[in-house]
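Accompanying notes for the structure given below.
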Amino acid sequence: MTPEIFIKRHCRADTVKREHVIQPLWSGYGEVVRYSLTGKEAPTSVIIKHCSFPKAVNHPRGWHSDLAHQRKVRSYDIEQYWYRKWAPKCPPSARVACCYGDSYNEDTGQRLTLLEDLDASGYSARYEEGNIDQLIACIHWLASFHARFLHESPAINWPQGLWLKGTYWHLDTRPDEWSAMANGRLKSAAAALAKCLDQARFKTIVHGDAKVANFCFSPFHQQVAAVDFQYVGGGVGVQDLAYLLGGALSEQALADNMDYLLAQYFSELGRELMAQGESQAFVHDVLDEWQALFMIAWADFHRFIIGWSPSHTKNTEFSQKLTEQALDQLYGQ
Ligand SMILES: Nc1ncnc2c1ncn2[C@@H]1O[C@H](COP(=O)(O)OP(=O)(O)O)[C@@H](O)[C@H]1O
Ligand SMILES: [Mg+2]
């Protein structure tokens, strides 16, 4: 089925017009496209995430293995499941796009996800380098999202239908990057860091790729909505937080604002949990655990960067310093 026919059916549109590609997907797996629609009951525009799996994959770093390919294919499947089953549970303060329908053709490998156009719904702005107001809106989004799905010691098969461990960088899925690391304290501690996160008492659903580019903002930055749920799954909230902060600001701005931004997250998380009716003692325990895990989550992402690309701009002195602190914390020094 062509995207046009698919949209027509699912949105009851009279006409459907392909407008433009917003972004090609990673490694040539497809594209994100905007369509404009007419019809009494149809939205005026929609976004389609259209994936197909070419045989020759053009990976920018040349590290293409079957494992990585399988994981990528599965990530699109998980994203569709997320939109179908979990996204409707998000509160307005953790806004996500509404999904009008999805399809997958096993024979052709074509996959279509039909989403509300968040630009048309008032989220037409994107992140501006160094904008703290926008970053705080993202932090509040994360706090609401994590509070909504927070569980104490969830069952091992939770969250159903998503990655049991969210994020695209967790250690189980990065053996090649781990092997490529130079010997040293971080490499030796990698499994222990991952274990701290895995064995946390309080778990939630993490977005798994919560960088600023995956948020859409209202023009005055107060409201925000998230996209790109390919690595959504179980985890601790501070994994998303560490990743978000590490990619949003210059090294200096991050060093200057880190404590303030962390305080924003934890106070909002506490407020949301209280609003959900949790006891003060419970909230205290969550904050206590996750505050201690922030550094660990930071070091865990730093471990991925060091193995993947040590010359990456995210391998800053500040990041190295936090990682050292995490390792000291881990070994009780
Ligand atoms: N529902 C949507 N409404 C508006 N913009 C969107 C929507 N979905 C995606 N986009 C835009 O397209 C970009 C790419 O989509 P995304 O799902 O993140 O693809 P990728 O997996 O390639 O990063 C996003 O960063 C966002 O700017
Ligand atoms: Mg994206």
Side-chain angles (χ1 to χ4, degrees), residues 3 6-7 10-11 16 18-37 42-54 57-61 68-69 71-84 86-88 90 92 94-102 110-129 131 134-135 137-138 141-142 145 162-163 166-169 206-219 221 223-233 240 243-244 246-248:
F6 182 73
I7 295 170
H10 283 269
C11 295
V16 173
R18 183 180 161 104
E19 291 293 341
H20 55 268
V21 173
I22 297 175
Q23 196 172 295
L25 296 184
W26 176 252
S27 297
Y29 282 116
E31 52 189 19
V32 178
V33 188
R34 173 169 285 118
Y35 286 81
S36 62
L37 280 57
T44 53
S45 60
V46 293
I47 303 293
I48 273 222
K49 198 161 174 175
H50 184 179
C51 314
S52 48
F53 296 100
V57 176
N58 177 22
H59 193 290
R61 303 183 60 79
H69 177 76
R71 193 163 144 73
K72 201 72 188 172
V73 173
R74 182 142 163 68
S75 79
Y76 291 111
D77 197 32
I78 295 230
E79 184 172 51
Q80 289 192 325
Y81 193 87
W82 156 262
Y83 275 113
R84 229 179 297 134
W86 288 90
C90 286
R95 179 78 153 84
V96 299
C98 160
C99 180
Y100 301 123
D102 62 39
Q110 300 280 320
R111 191 185 290 279
L112 296 172
T113 310
L114 179 53
L115 298 171
E116 168 190 8
D117 182 353
L118 288 168
D119 288 32
S121 301
Y123 301 87
S124 58
R126 295 295 182 268
Y127 185 68
E128 297 152 14
E129 191 65 40
N131 188 315
Q134 285 182 314
L135 184 54
C138 296
W141 187 98
L142 285 181
F145 184 78
L162 307 182
W163 296 105
T167 80
Y168 65 82
W169 61 86
V206 292
H207 176 285
D209 191 4
K211 58 184 173 191
V212 283
N214 283 331
F215 288 93
C216 304
F217 301 84
S218 64
H221 316 320
Q223 310 291 326
V224 68
V227 296
D228 202 348
F229 287 87
Q230 286 168 237
Y231 292 97
V232 67
D240 275 340
Y243 175 69
L244 172 76

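Index from 1, following the sequence. Note that ligands are numbered from 1 as they come in the structure, with each ligand's atoms numbered from 1 the same way.
- Looking at Q134, its side chain does come within 3.5 Å of a backbone N or O of R126 through a donor-acceptor pair.
- Partners of Q223 by side chain to side chain contact (heavy atoms under 4.5 Å, CB included), not counting sequence neighbours, listed by chain and number: Y123, S218.
- Of the heavy atoms in V32, only side-chain atoms (C-beta onward) come closer than 4.0 Å to ligand 1.
- Side-chain rings of F229 and Y83 approach one another, their centers coming within less than 6.0 Å.
- In terms of polar-atom proximity, L25 is not counted as a contact of ligand 1, lacking any N or O under 3.5 Å from an N or O of the ligand.
- When only interatomic distances are considered, the shortest N/O to N/O separation between N214 and ligand 1 falls below 3.5 Å.
- Relative ring orientation between W163 and Y231 is described as parallel, the plane-to-plane angle staying below 30° on a 0-90° scale split at 30° and 60°.
- Checked by distance only, ligand 1 and R34 stay at 3.5 Å or farther apart across all their nitrogen or oxygen atoms.
- For A97, no nitrogen or oxygen atom sits less than 3.5 Å from a nitrogen or oxygen atom of ligand 1, counting backbone and side chain alike.
- Residue D209 does not count as close to the Mg ion (ligand 2), with no N, O or S atom under 2.8 Å.
- A ring-centre distance under 6.0 Å is found for Y243 and W169.
- Listed by number with element, the atoms of ligand 1 under 4.0 Å from a non-hydrogen atom of R126 are 4 (C), 5 (N), 27 (O).
- The Mg ion (ligand 2) is closest to atom OD2 of D228 (considering only N, O or S atoms).
- Under 4.0 Å from ligand 1, the heavy atoms of E116 that appear belong solely to its backbone.
- Taking 2.8 Å as the threshold, N214 counts as a candidate ligand of the Mg ion (ligand 2), since one of its N, O or S atoms lies below it.
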